[in-house]
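Worksheet: one structure, shown below.
Quick caveat: nothing in here was measured; it's all calculated off a predicted structure. Letters A, B, ... mirror the listed sequences (proteins, then strands); counts begin at 1.
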Amino acid sequence: MPLRLLKYGLSRDYPVSGDIPATPELKPAYDVVIIGGGGHGLSCAHHLAKYHGIKSVAVLEKGYLAGGNTARNTTTIRSNYITPEGIAFYKEGVELFERLSQELDFNVMFSQRGQLTLAHTEATVRSFHMRAEMGRHMGTRTEVVDQKGVEELCPLLNMDYGGPLEILGGLWHADGGTARHDAVAWGYAAQASRRGVEIHQRTEVQGFEVAGDRVRAVKTNRGRVACGQVLIATGGMNYDVALMAGVELPIRCYPLQAMVTQPLKPWLHTLVSSVSLHTYLVQSSRGEVVIGGGSDPYQLYSTRSTLDMKEHLAEGAVHLFPFLQGVQLLRQWAGITDMTPDYSPIMGASPLANLWLDCGWGTWGFKATPVAGKRMAQTIAEGRVPDILKPFALERFETFRLLNEMGATAASH
Amino acid sequence: MKLLTCPMNGPRNIDEFQSFGPVRAKLDPNATADRDWSRHLFRAENRKGILVEWWRHVPSNYFFLAERDLVTNEIIRTFDASQLRDRA
Ligand SMILES: Cc1cc2nc3c(=O)[nH]c(=O)nc-3n(C[C@H](O)[C@H](O)[C@H](O)COP(=O)(O)OP(=O)(O)OC[C@H]3O[C@@H](n4cnc5c(N)ncnc54)[C@H](O)[C@@H]3O)c2cc1C
């Protein structure tokens, strides 16, 4: 990587490498069909081609590459969850991010600057102690800090001493970070297509041909494609797409919104999140302050953003950092998120033998782009679910073995 | 601000209301298999189309029902819960 960069810098004409080939003709059949060209689908394609030698792979994307939630997320990467199964999985995810630029030979601008979650009530401080203990037990860097610790980590915060929203302490997660979301998707796409994976943009799956307990083919706007194995990784459309195959997932769709300010000089050096205010902030490498919060208040298939949410997020952000009050907003947007009852994803087998699920990523799936792709590729290649994914099986709802990550997700993603 | 017409209080700003999610059929606890309980608890309606759902007007703590389009977000009608019982 550094050598290539040097060569590039010294070359006279700055050669541009063609990133991803234009969409080819659809073949009648592929060994693996991946539905959804977001980060997850592309990561799985990369891992199939690079580590399992499976190259007859088609990624079918109804729109443009990574234009779904991958393009809309606020790029929080962390592993400070609460269930041992959850922490083990997301920890592997963070570790893969640490090496991702090397793996992809593409700078994903991973910045492991740490995440600070704020407590404004004693109850939140207690829940932080539990998360810190679990995190330490599982080998992640997660600790509770007091008021002085919060001030040291983020000196510009309004501590609101004596006020109704006084910051009583924080959960400091040194492993937390952020990365450039488009770069992650494009890096995987470039690597996968270099190894023979076909990426078909503007190719929408509109139905399944099911015979017995197997998917024979998928039906698209560009024709029928027979498939050995199929993966559903369609983000906000997971419920919808699985239903076309007769699989009803325990998912409800909610819009999730975010917004960014005009670019400012670097001043926010950690990710900051407030549970009570339902607001979190991160400064991007362009200097824009990305502000996100909780989901919309009711179920909806819509990517329209609302004035209510703009006001709510602005209120939270200005409360934490009052000097932001004169700063202008540049953009606001929304994505449709596929929420599960326990705030954990659904990965692994489906009721159909060759249909695999990488679903239920709701408001928290960007951080899992590398690890979900890696583990789903392993699942598809070996035809069985590895131990690390077993707790996330669809059957957990039937056996009442839920993985409750609601408290560790709330405003933090 | 979006308006929601409460059957009791008339049209109000939607942030005076709280959504309680899709209406679910009641199950008979003595005649329900585990599988059906799990369905009942975890698989709420999410199809694109018209959803019948519970809402509460928070200041008056009045629960009622609405039919709303999950794609356009249009609120088609609101009605008192007694009408649901009548229908059932
Ligand atoms: C505002 C917002 C903030 C978020 N913040 C964070 C965060 O800070 N950290 C975090 O970890 N996660 C976050 N998330 C969640 C995260 O964005 C997602 O979980 C993750 O990006 C999912 O990736 P994916 O590849 O599975 O889905 P997507 O990126 O949505 O990709 C799915 C693709 O499937 C395509 N598709 C859909 N239907 C079809 C069809 N029928 N045929 C073919 N293709 C189809 C879509 O066009 C889309 O491109 C956030 C989400 C939002 C909306």
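Checked by atom type, the side-chain pair Tyr301(A)/Asn46(B) shows a donor-acceptor distance below 3.5 Å.
For Leu300(A), the parts lying near chain B are the backbone and the side chain together; criterion is any non-hydrogen pair under 4.5 Å. Within the 4.5 angstrom heavy-atom criterion, only side-chain atoms of Met237(A), from C-beta onward, approach chain B. Interface remark: Ile336(A) contributes no atoms to any contact with chain B (heavy atom separation under 4.5 Å).
Contacts between residues 55-62 of chain B and chain A, defined by a heavy-atom separation under 4.5 Å, are made by Trp55(B). Below 4.5 Å, heavy atoms of chain A meet heavy atoms from Asp34(B), Arg35(B), Trp37(B), Ser38(B), Arg39(B), Leu41(B), Phe42(B), Arg43(B), Ala44(B), Glu45(B), all part of residues 33-45 of chain B.
Rounding to the nearest 0.5 Å places CD of Gln299(A) at 11.0 Å from CG of Asn73(B). Residue Lys2(B) holds its NZ atom at 11.0 Å from OG1 of Thr306(A), rounded to the nearest 0.5 Å. Between the CG atom in Asp15(B) and the NE2 atom in His312(A) there is a gap of 12.0 Å [rounded to 0.5 Å]. The distance from atom SG of Cys253(A) to atom NZ of Lys48(B), rounded to the nearest 0.5 Å, is 8.5 Å.
A 4.5 Å side-chain heavy-atom check between Gln18(B) and Tyr298(A) finds every atom pair outside the cut-off.
Comparing Phe400(A), Phe397(A), Tyr239(A) by how many heavy-atom pairs each has under 4.5 Å with chain B, the most go to Tyr239(A).
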